[in-house]
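Everything quoted here is computed from the prediction, not taken from an experiment. Positions are given from 1, in the same order as the sequence printed here.
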Amino acid sequence: MKILVVDDEERISDFLVKLAHKEGYTDVDTVPTATEAVTQVMRQEYDLITVDLKMPDASGLEIIGTLRNMCPHAIIVVISGFLPEAVSAEVASCVDLMLSKPVRIEALKRLFKAADQI
């Protein structure tokens, strides 16, 4: 399973990578910006993509549709401390799950397993 973590907080990215490795998923890439996420998805397909919303160059919501179009089979999960109360129908149709930070470790483990079964 190939995982992409999109988050500008290095400690969050490092945590997700370490947890994925601990669970046996070692093919994990990280990028700190929305622009780099789109570039990375142009290069490779991913099975699981986690996206933060507040990043320095753009909101994760701005790239969700692009990520979905480029990786239609991927599970796309928004993980953010700033979840909006409402999202557009277009964004909602592109996101599989929205989780608020801090996320419980057990929830992340279940997420990895679910993505691996697709």
Could you check Met55 against Thr33 for side-chain contact (heavy atoms from CB on, under 4.5 Å), going step by step and ending with a plain yes or no? CA-CA 6 Å; Met55 292 182 283; Thr33 68; 5.5 Å; no

Using a 4.5 Å cut-off on heavy atoms from C-beta on, say whether the side chain of [Y] contacts that of [X].
| X | Y | value |
| --- | --- | --- |
| Tyr25 | Lys113 | yes |
| Leu108 | Arg110 | no |
| Asn69 | Leu67 | no |
| Thr50 | Val6 | no |
| Val77 | Leu111 | yes |
| Asp116 | Asp47 | no |
| Glu9 | Ser13 | no |

Is any side-chain N of the basic residue among Lys54 and Asp7 closer than 4.0 Å to the acidic one's carboxylate O? no

For the student: nearest non-hydrogen atoms of [X] and [Y], plus distance:
| X | Y | result |
| --- | --- | --- |
| Val28 | Ala20 | CG2-CB, 3.8 Å |
| Ala34 | Ala58 | CB-CB, 3.9 Å |
| Asp96 | Ala74 | OD2-O, 3.4 Å |
| Asp52 | Ser80 | OD1-OG, 3.5 Å |

For side chain to side chain donor-acceptor pair (under 3.5 Å), just list the numbers for Glu36 and Thr39, CA-CA rounded to whole Å, side-chain angles, deciding distance to a tenth of an Å, and then say yes or no. CA-CA 5 Å; Glu36 289 178 75; Thr39 300; over 6 Å; no

Decide whether Phe82 and Val78 are clustered together by the hydrophobic rule: side chain heavy atoms of Ile, Leu, Val, Met, Phe, Trp, Tyr closer than 4.5 Å, transitively. no

With sequence neighbours excluded, tell me which residues meet side-chain hydrogen bond (donor to acceptor under 3.5 Å, both in side chains) with Gln44. Lys2

Partner residues of Asp8 under the side-chain hydrogen bond (donor to acceptor under 3.5 Å, both in side chains) criterion, sequence neighbours left out: none

Measure the [atom1]-[atom2] distance between [X] and [Y] for me, rounded to the nearest 0.5 Å.
| X | Y | atom1 | atom2 | answer |
| --- | --- | --- | --- | --- |
| Ile75 | Tyr46 | CD1 | OH | 16.0 Å |
| Arg68 | Ile49 | CZ | CD1 | 7.5 Å |
| Ile76 | Leu4 | CD1 | CG | 10.0 Å |
| Leu53 | Lys101 | CG | NZ | 8.5 Å |
| His21 | Leu19 | NE2 | CG | 10.5 Å |
| Leu97 | Leu48 | CG | CG | 10.0 Å |

Give the intermediate values and the outcome of side-chain contact (heavy atoms from CB on, under 4.5 Å) for residues Glu45 and His73. CA-CA 9 Å; Glu45 281 198 29; His73 77 283; 3.0 Å; yes

Go through the steps for Glu62 and Ile64 under the test side-chain contact (heavy atoms from CB on, under 4.5 Å), then give the verdict. CA-CA 6 Å; Glu62 294 175 42; Ile64 295 290; over 6 Å; no

Stepwise side-chain contact (heavy atoms from CB on, under 4.5 Å) test for Ile12 and Asp14: CA-CA 5 Å; Ile12 300 293; Asp14 288 348; over 6 Å; no

Enclosure of Lys109 NZ (heavy-atom neighbours >12, cutoff 6.0 Å): yes

